[in-house]
Amino acid sequence: MTVKDIDKNGPPRTTPIQSATFSNPINAEIRRAAATGIYDIRGGGAKRRVPHFDDLLFLGASVSRYPLEGYRERCDTKVTLGTRFAKNPIELDIPITIAGMSFGALSGRAKEALGRGASEAGTSTTTGDGGMTPEERGHSTKLVYQYLPSRYGMNPDDLRKADAIEVVVGQGAKPGGGGMLLGQKISDRVADMRNLPKGIDQRSACRHPDWTGPDDLEIKILELREITAWEKPIYVKVGGTRPYYDVALAVKAGADVVVLDGMQGGTAATQDVFIEHVGLPTLACIRPAVQALQDLGVHREVQLIVSGGIRTGADVAKAMALGADAVSIGTAAMVAIGDNDPKWEAEYQKLGTTTGAYDDWHEGLDPAGITTQDPELQQRLDPVDAGRRLRNYLNVMTLEAQTIARACGHNDLHNLEPEDLCALTMEAAAMAQVPLAGTTWWPGKSGAGF
Amino acid sequence: MQTYDLEADGLRGLNAALHAQSSETNQTHWEIVNPRGSHAIAVGLDAPIEVNVKGSTGYYCGGMNKQATVHVYGSAGPGVAENMMSGTVVIDGDASQYAGATGNGGTLVIKGNASSRCGISMKGIDIVVHGNVGHMSAFMGQSGNLVVCGDAGEALGDSIYEARLFVRGSVKSLGADCVEKEMRPEHLDLLRDLLERGGCDAKPEEFKRYGSARQLYNFKVDNAY
Ligand SMILES: Cc1cc2nc3c(=O)[nH]c(=O)nc-3n(C[C@H](O)[C@H](O)[C@H](O)COP(=O)(O)O)c2cc1C
């Protein structure tokens, strides 16, 4: 640039640079908060990227390991849950279960669809905050009944109708938080089941009303077992926070099964700040949980179900290779039955959002008719058709997981092991405690060598 | 009358025997001796039987009760009659924390005092306490009635929904959104009945009524503290 150029065009200017710290989305949120005075509430799980199963790869078979023939050679997928104390453990054909999602958050038809799809695929579904509905019981061959702090709809008859009981201590999306069902979703039926007036916001407590701590939990589990004649498996569900200790304490308290939900796990409604900033990524939860089970000598005797961001058969296989006995899905099941489907794009636009980003599940305006109690919107979901889609999806995930297991030389998904994996990033290597790809090392590992 | 020695014969046998009773049973009177503070005594009953526990109980005695009358001739540990659906539970002595928690129906009578969080998250149960109740009683109480013939501790009825609270003595403090309400004739009638069912000779006119100001019912900016 010459002096002449400067005379002509003026001095050169710095290109406008957006701040990485004060990005447009952050600034928009600051303006939104300033205008409304309300924090953002939404459904779904953490949207930020955190180390996840995508950061792991399977090694596959080679000279030192031989593979099994795809399609032809057996690769078992069955899992039995509740073998520790329950008289009637749950036997599932596939190690993928449907997570607890409340009637209230979801429509009765959506719950029916989940029950149908799960049953057709030979797996279980789970109630949620708000109690058990006849649709759900009727269409679920294996139904897990959640025992939550709110105790909405809790009663001994439904407890006895359940195939297993899940004591919910926390969720990955909001460990340490309670729940919220906003007034617009409280129909007569929801209000009646929860014993509250119609149209008011219903809070679900963050702590159980009649026990605190592991010693009390042990007595609570005893009570539930006594009420149900020691027949039902008792699960304890915890959000991913201190997985080693939480799992150890759940085992000590007498759990048959521990459900561990990482921060990508969905919720029906919680503060965005909670979803994005509290809890551990699912990937970081599994090894400490398995370590706790191993240290107590109960790995496989107390089953571990992992959830939070499970989407594909590869995710299932990776969670199991790290030591889980089964996984659980919430968001993916919703997507399978029609949530965030591009066919509703015009309506998502009207709600100020777009396909894939729709997360105002608490508002009850769901174009797909899933997270709503609106009688007309609900009709958009055909439970039979949606159930079939869920079944197909569960089958595909199972086939995918089997494909990987066979390629690694295993005749049962439960034989997958950390040895089968490597990590693409240092973070994932550290969290999963598997070697960084092409090395024998992960952060924190002592020693080296093949 | 059936007598069951809990110490000698164990908890499982007791609850199994009680669960085996149907509505037509003629074994309607049960006496449990040597409870010695055991947990989960007489839980999940569902028959019109009378169970007399001769001594003090641990956690969750009478939990999820339906139809039965459970009488504890002693004091009760935490969570007595939790999530009760119907029937009656009577405690001669004191009750520990969370008495009647999340109860949906039936009547819980505590002749002594109840500790903190009595009637927490109550959903339709009637609770009559002859003595005092501790802090945070009727927290998030949804429906039903809590009658306190003595005094109430701090934060009574915090975040209360539609439960009705009647207190004869002092209230150390009211919780968020709980206010004193006018005692109308229908409340006096209701209270008279509750006191009678609870075997209390107090007069309804001596009580004050508390309930929800309904200011926390819908999310508002100014409530978000
Ligand atoms: C719409 C919705 C409602 C939910 N309701 C409950 C509930 O009532 N109780 C519970 O323990 N978890 C609830 N969850 C969390 C799920 O049980 C599960 O932990 C989570 O969805 C797993 O993560 P994923 O969504 O990534 O699969 C809910 C999740 C969603 C998406």
Side-chain angles (χ1 to χ4, degrees), chain A residues 33 35-39 41 131 147-160 178 180-184 186 191 193-212 215-231 269 271 362, chain B residues 11-12 14-16 18-20 38-46 58-61 63-66 77-80 82-85 97-105 117 119-124 136 139-140 142-144 159 161-163 212 214 216-224:
Chain A
T36 63
I38 301 175
Y39 41 42
I41 294 177
Y147 189 77
L148 292 125
S150 74
R151 309 279 165 87
Y152 288 139
M154 173 50 54
N155 69 80
D157 299 329
D158 287 345
L159 203 61
R160 291 187 175 113
M180 250 179 293
L181 193 62
L182 296 189
Q184 54 270 43
I186 313 293
M193 276 181 73
R194 297 176 180 222
N195 219 319
L196 279 169
K198 196 180 167 184
I200 72 171
D201 297 344
Q202 298 187 350
R203 285 160 295 160
S204 299
C206 65
R207 270 206 322 259
H208 280 264
D210 58 355
W211 65 268
T212 39
D215 295 336
D216 281 9
L217 175 58
E218 186 171 351
I219 306 170
K220 176 50 75 179
I221 289 177
L222 170 72
E223 184 204 10
L224 294 172
R225 290 204 194 273
E226 282 294 323
I227 292 173
T228 54
W230 288 74
E231 286 174 357
Q271 298 90 335
H362 56 291
Chain B
L11 182 68
R12 187 72 287 265
L14 170 68
N15 284 322
L18 296 174
H19 291 171
S38 297
H39 307 309
I41 295 176
V43 292
L45 305 191
D46 191 5
Y59 281 56
Y60 309 131
C61 176
M64 298 215 188
N65 185 51
K66 279 176 87 176
V80 64
E82 67 86 20
N83 214 83
M84 175 154 67
M85 306 302 292
Q97 305 172 84
Y98 340 118
T102 76
N104 287 264
R117 298 183 168 83
I120 181 170
S121 197
M122 54 197 285
K123 300 174 186 347
M136 295 292 270
F139 175 55
M140 289 180 91
Q142 295 178 213
S143 67
S159 306
Y161 293 100
E162 294 297 305
S212 179
R214 304 191 177 101
L216 292 180
Y217 272 13
N218 289 97
F219 188 91
K220 284 188 219 113
V221 183
D222 300 330
N223 289 339

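In what follows, every chain begins at residue 1, and chains take the letters A, B, ... in the order their sequences are listed. These numbers come from a predicted model, not from an experiment.
No other option in A:Leu159, A:Asp210, A:Asn155, A:Leu196 has as many heavy-atom pairs under 4.5 Å with chain B as A:Asp210.
Applying the 6.0 Å contact sphere to CZ of B:Arg12 captures more than 12 heavy atoms from other residues, nucleotides or ligands.
For the atom pair A:Gln202 CD and B:Met140 CE, the distance stands at 9.5 Å (nearest 0.5 Å). Here B:Asn83 contributes atom CG and A:Met154 contributes atom CE; the two are 6.5 Å apart, rounded to the nearest 0.5 Å. Rounded to the nearest 0.5 angstrom, A:Glu223 CD and B:Glu82 CD are separated by 4.0 Å. Put simply, OH on B:Tyr60 and CG on A:Leu224 are 8.5 Å apart, with the number rounded to the nearest 0.5 Å. How far OG1 of A:Thr228 is from CE of B:Met64: 9.5 Å, rounded to the nearest 0.5 Å. Atom NE2 of B:His39 and atom CG of A:Leu222 lie 7.5 Å apart (nearest 0.5 Å).
Using a 4.5 Å cut-off between heavy atoms, B:Glu162 touches chain A through its side chain atoms alone. For B:Leu11, the parts lying near chain A are the backbone and the side chain together; criterion is any non-hydrogen pair under 4.5 Å. Looking at B:Tyr161, the atoms closer than 4.5 Å to chain A (heavy atoms on both sides) all sit in the side chain, from C-beta outward. Heavy-atom distances place the side chain of B:Asp46, and not its backbone, under 4.5 Å from chain A. Using a 4.5 Å cut-off between heavy atoms, B:Arg117 contacts chain A through its side chain alone, with no backbone atom that close.
Under 3.5 Å, the side chains of B:Gln142 and A:Asn195 contain no donor-acceptor pair of N or O atoms.
Contact annotation: the side chain of A:Asp157 approaches that of B:Lys66 to within less than 4.5 Å [non-hydrogen atoms, C-beta and beyond]. For the pair B:Met85/A:Pro156, a side-chain contact is recorded, criterion being any heavy-atom separation below 4.5 Å from C-beta on. Counting only heavy atoms from C-beta outward, the side chains of B:Tyr98 and A:Thr212 approach each other to under 4.5 Å.
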Should B:Ser159 and A:Arg203 be marked as a side chain to side chain contact (heavy atoms under 4.5 Å, CB included) after you check the CA-CA gap, both sets of side-chain angles, and the distance that decides it? CA-CA 10 Å; B:Ser159 306; A:Arg203 285 160 295 160; 3.5 Å; yes
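In terms of heavy atoms, B:Ser121 sits closest to A:Ser150 at OG-O, 4.0 Å.
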